[in-house]
Amino acid sequence: MISQEEFVELIKTTLNRDIKSNYEQNEAVLAPVNEDQFIVAGPGSGKTTTLVLKILKFYFVDDINIENIMVTTFTKKAARQLKDKTIMWAKQIFKQLDKPFDKSFNNIITGTLDGIAEDYVAFDDMSVIDNFTSSALMMQTLLKDDRINDKKLKQFVKRMNENQAGVSSAQINSIILTLREAMYENMADIDELESRSERESLLYEIIHEYNHQLDEKLIVDYALLETRFYELLNENKILKLENNLRVLLVDEYQDTNFLQEQIYFKLAEYTKNNNGSITVVGDDDQSLYRFRGSNVHLFTNYEQRISKKLDIHPKIIYLHTNYRSTDTIVDFLNDYINIDPIYRQTSSLNKPDIISQSTNTNTYPVVGLFRNNIEELTYDLSNLIYELKKGEKVEFRNEYGENFKVQFDNPSIAVLLNSPKEINAYNRKRLPYFIRNTLTTRDENMVIFNPRGQNIEATDIVSLICGLILQAVDSDMKLEDSLRNIPPRTHDILDHWREFTKEYMDDEKLIVDKNNINIQEVLSEIENVCMTLIDQTAENKIYYDLITETIIQTSRAIAYDDTLTANQVFWHILIPIALGAVELDDDLFDIDLDENINIMSIHQAKGLEFDVVIVDVGSDILNNKKSSAFKRFPEKGGKTYNIEHYVQRCSDVGIINDENPTDAAFDELIRRYFVAYSRSKTLLILCGLNSMRHGYQGNFQDSIKIPNIATGWNRNKIWVWENLDNLFNI
DNA sequence: ATCACTTAGATTTTT
DNA sequence: TCTAAGTGAT
């Protein structure tokens with residue numbers, strides 16, 4: 001145990017963290033164990049640092065056991081970073097104090113709420129299934145008795161989805177799963193919902209049957225996992241937490257849903273009884289997960305909500321010093337977040353502007369790179385990325401002949417987009433494809449990292465595995481011919497599998513009994529054939545492991561005994577794979593974000609920072625089409641709102657958005673680009689088609705402007721950044 | 001203003 | 001495949 005003064009001195013000398021210079025951070029870190037806090041932290045304000053320092057302070061100054069502390073974050077990646085940093089800094093302090101490292105730090109309870117819930121909920125045979133498996137299970141429920149072609153059900157899904165074209169089987173599947181998940185996330189009374197929705201009786205039949213299957217097979221999906229955890233807590237059945245939990249730290253609280261809030265409140269009750277505290281940290285401007293049930297109002301109204309429920313009155317602290325970005329970028333951010341006059345009104349928080357404290361001495365203007373078409377854009381963007389990464393001196397010159405030069409030493413670079421997908425559902429190539437293609441053609445040593453953009457289902461190794469299975473279960477193409485309501489790309493994938501396999505191995509065929517397929521046996525027979533490909537590259541091995549594991553887990557979940565029919569293999573395994581439902585976990589790759597060129601979604605980039613950030617604000621928006629409005633200037637609330645609204649009718653969440661649906665959609669877009677722009681440390685580049693700057697020329701009209709939140713329009717259709725003249729356009 | 005014909009684009013984010 | 005904006009003529 002050391003004194004507070006010693007601790008402050010210690011972290012200054014060993015960790016080079018001078019908290020005295022930042023009043024707010026000082027307040028946050030040096031709080032007593034029983035002080036509850038509500039920390040509103042802007043981008044780059046040292047959120048994680050503050051949390052880690054709080055943990056260390058509790059341990060070294062207040063003598064709190066590490067086992068009595070719980071820290072949660074939103075993603076696995078963030079949880080790992082937090083744990084690593086805590087252990088690393090603790091080690092450094094122990095070294096400085098000349099004491100051995102306390103191994104209890106290795107057992108610190110950190111993770112996502114799901115991860116922590118799993119530790120308490122999962123027992124014996126109970127296991128958690130991933131999205132692929134749950135969608136296969138739902139597909140099985142849907143195909144039974146041809147429910148998937150029910151007119152009322154289709155109509156309902158269409159209403160929820162608001163899509164122009166008809167609904168595909170995949171969409172019906174995904175809407176039902178999302179809706180069901182939303183029910184749990186909002187703790188909606190499902191029976192009451194059912195009694196109020198007579199026309200959707202089939203929907204509830206399907207949901208009940210799906211739940212029944214989970215029960216029977218002793219599995220839970222993500223939605224149920226947290227529900228079970230809450231139930232256990234509510235019955236005070238987790239004594240370990242009830243007796244020991246003293247300090248609860250919650251990161252990314254702005255992405256919390258109602259169910260999670262109730263879990264946290266229950267845990268906060270324990271900390272209160274144990275003379276401890278709860279601290280939540282977040283930023284309402286960075287709330288991105290409404291589609292997953294998160295509700296930013298739970299954050300902005302946190303003070304009122306927790307004081308009402310538990311009589312806890314947290315101290316509110318604003319961390320608004322930005323250590324990440326240059327002055328010009330911080331100015332740009334403050335500028336951006338104030339463009340829309342309605343946006344700020346939705347928050348009850350009185351947030352101060354961000355203040356720049358970057359040690360970075362090079363300040364460059366925010367750059368605009370706009371071209372006439374995707375080819376020109378790709379060409380210039382790829383060149384730019386290449387030269388910057390190679391450490392060349394790059395000259396930026398605008399249309400007025402002004403110029404400045406930029407040079408980096410192996411900078412970290414990220415291209416951020418709404419979707420990192422290289423090819424869309426209609427087989428069109430997107431910007432990520434063009435960038436990767438151009439850069440790898442130019443220099444094969446350049447690593448372009450875009451794990452979520454790849455279409456796993458189209459890789460050689462997966463084509464071979466699935467092609468072999470497909471040949472076996474559907475040699476006469478009877479099943480394939482029965483396909484209806486499937487996106488066009490899925491057909492192409494099936495064809496590709498068959499062709500690839502035919503070319504790869506002339507004539508050999510796998511023979512199976514079509515009513516009695518043991519998928520594990522089939523896979524082990526296939527293994528030999530795949531060996532050459534598996535050994536070829538490290539990626540192939542990863543894809544192979546991923547796909548076989550997925551198939552095995554899924555077949556376990558859908559088989560009544562150990563075997564499947566050809567029909568089941570086709571519809572519940574092959575079709576979902578062809579639809580692109582298999583997800584790749586970034587953790588499977590040994591990656592270094594600072595070394596590679598990263599192409600990622602804005603969501604994935606949350607919590608990260610890069611020297612150079614390139615944000616796609618419209619590489620595929622040519623004109624003012626209604627169909628692209630959702631991603632630039634929404635005209636309606638969309639699917640997220642419909643689902644939220646549907647379930648919240650029977651939920652106690654309390655704060656139903658008093659905003660209209662469209663306004664909520666605007667808020668979401670504003671936040672998304674705020675997150676994107678605030679990732680950059682030194683150089684921020686906006687890119688897109690020229691139509692984003694100058695509009696497009698109709699034959700009869702003058703130039704027609706294209707409203708876009710990312711390019712500085714507000715929802716009143718006023719273009720505050722007209723023609724993007726605030727950027728340095730190259 | 002109205003009609004028939006041509007053309008571009010279709011959500012997506014995650015535990 | 002389906003939709004709505006744009007086009008060009010009346």
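The chains referred to below are lettered A, B, ... by the order of the sequence lines, with proteins before strands, and numbering in each begins at 1.
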Between [atom2] of [N] and [atom1] of [X], the distance in whole Å:
X	N	atom1	atom2	value
A:Tyr184	B:dT15	OH	P	21 Å
A:Arg430	B:dT12	CZ	C1'	9 Å
A:Asn418	B:dT14	CG	C1'	15 Å
A:Ile621	B:dT12	CD1	C1'	13 Å
A:Asn427	B:dG9	CG	P	16 Å
A:Glu181	B:dT15	CD	C1'	8 Å
A:Ile709	B:dT11	CD1	P	20 Å
A:Lys606	B:dT12	NZ	C1'	16 Å

Does [X] make a side-chain N or O approach to OP1 or OP2 of [N] shorter than 4.0 Å?
X	N	answer
A:Arg452	B:dT14	yes
A:Lys639	B:dT11	no
A:Lys631	B:dA10	yes
A:Ser419	B:dT13	yes
A:Lys626	B:dG9	no

*Of the candidate nucleotides B:dA10, B:dT12, C:dG6, which contains the atom at the shortest distance from the side chain of A:Arg672?*
B:dT12
*Which part of the nucleic acid, if any, lies within reach of A:Gln604 when heavy atoms closer than 4.0 Å are counted: base, sugar-phosphate only, or nothing?*
sugar-phosphate
*Examine A:Lys606 relative to A:Phe74 and say whether NZ or CZ is less than 6.0 Å from the centre of the six-membered ring and inside a 45° cone about the ring axis.*
yes
*Only counting residues at least two apart or in another chain, list the ones meeting salt bridge (charged side-chain N to carboxylate O under 4.0 Å, His left out) with A:Arg228.*
A:Glu231
_Tell me every residue that passes salt bridge (charged side-chain N to carboxylate O under 4.0 Å, His left out) with A:Glu118, counting only those two or more places apart in sequence or in another chain._
none
*Using the salt bridge (Lys or Arg N to Asp or Glu O under 4.0 Å) rule, pick out the option among A:Arg290, A:Arg715, A:Arg672 that qualifies with A:Asp667.*
A:Arg715
*If you take atom types as modelled and just measure distance, does the side chain of A:Asn131 reach the base of B:dT15 with a donor-acceptor pair under 3.5 Å?*
yes
*Does A:Phe291 stack onto the base of B:dT13, taking stacking as ring centres under 5.5 Å apart and planes under 30° apart?*
yes
_Ring-base stacking, A:Tyr426 with B:dA10 (5.5 Å, 30° cut-offs)_ = yes
*asked:* Is it the case that the side chain of A:Asn598 and the backbone of A:Ile413 share a donor-acceptor pair, with hydrogens and angles ignored and the cut-off at 3.5 Å?
replied: yes
*Test A:Arg430 against A:Asp616 for salt bridge (charged side-chain N to carboxylate O under 4.0 Å, His left out), laying out the working first.*
CA-CA 11 Å; A:Arg430 305 181 68 253; A:Asp616 173 18; 5.3 Å; no
*A:His645 vs A:Tyr641 aromatic rings, parallel, tilted or perpendicular, using cut-offs 30° and 60°?*
parallel
*Do the ring planes of A:Tyr264 and A:Tyr253 sit parallel (below 30°), tilted (30 to 60°) or perpendicular (above 60°)?*
tilted
What does the list of N/O pairs under 3.5 Å between the protein and nucleotides 6-8 of chain B look like, with a distance for each?
| unit_1 | atom_1 | unit_2 | atom_2 | d |
| --- | --- | --- | --- | --- |
| B:dA8 | O4' | A:Lys625 | NZ | 3.4 |

*Of A:Asn424 and A:Glu583, whose closest DNA chain B nucleotide lies nearer the 5' terminus?*
A:Asn424
*Take atom P in B:dT11 and the same atom in C:dA4, then report the distance between them in whole Å.*
13 Å
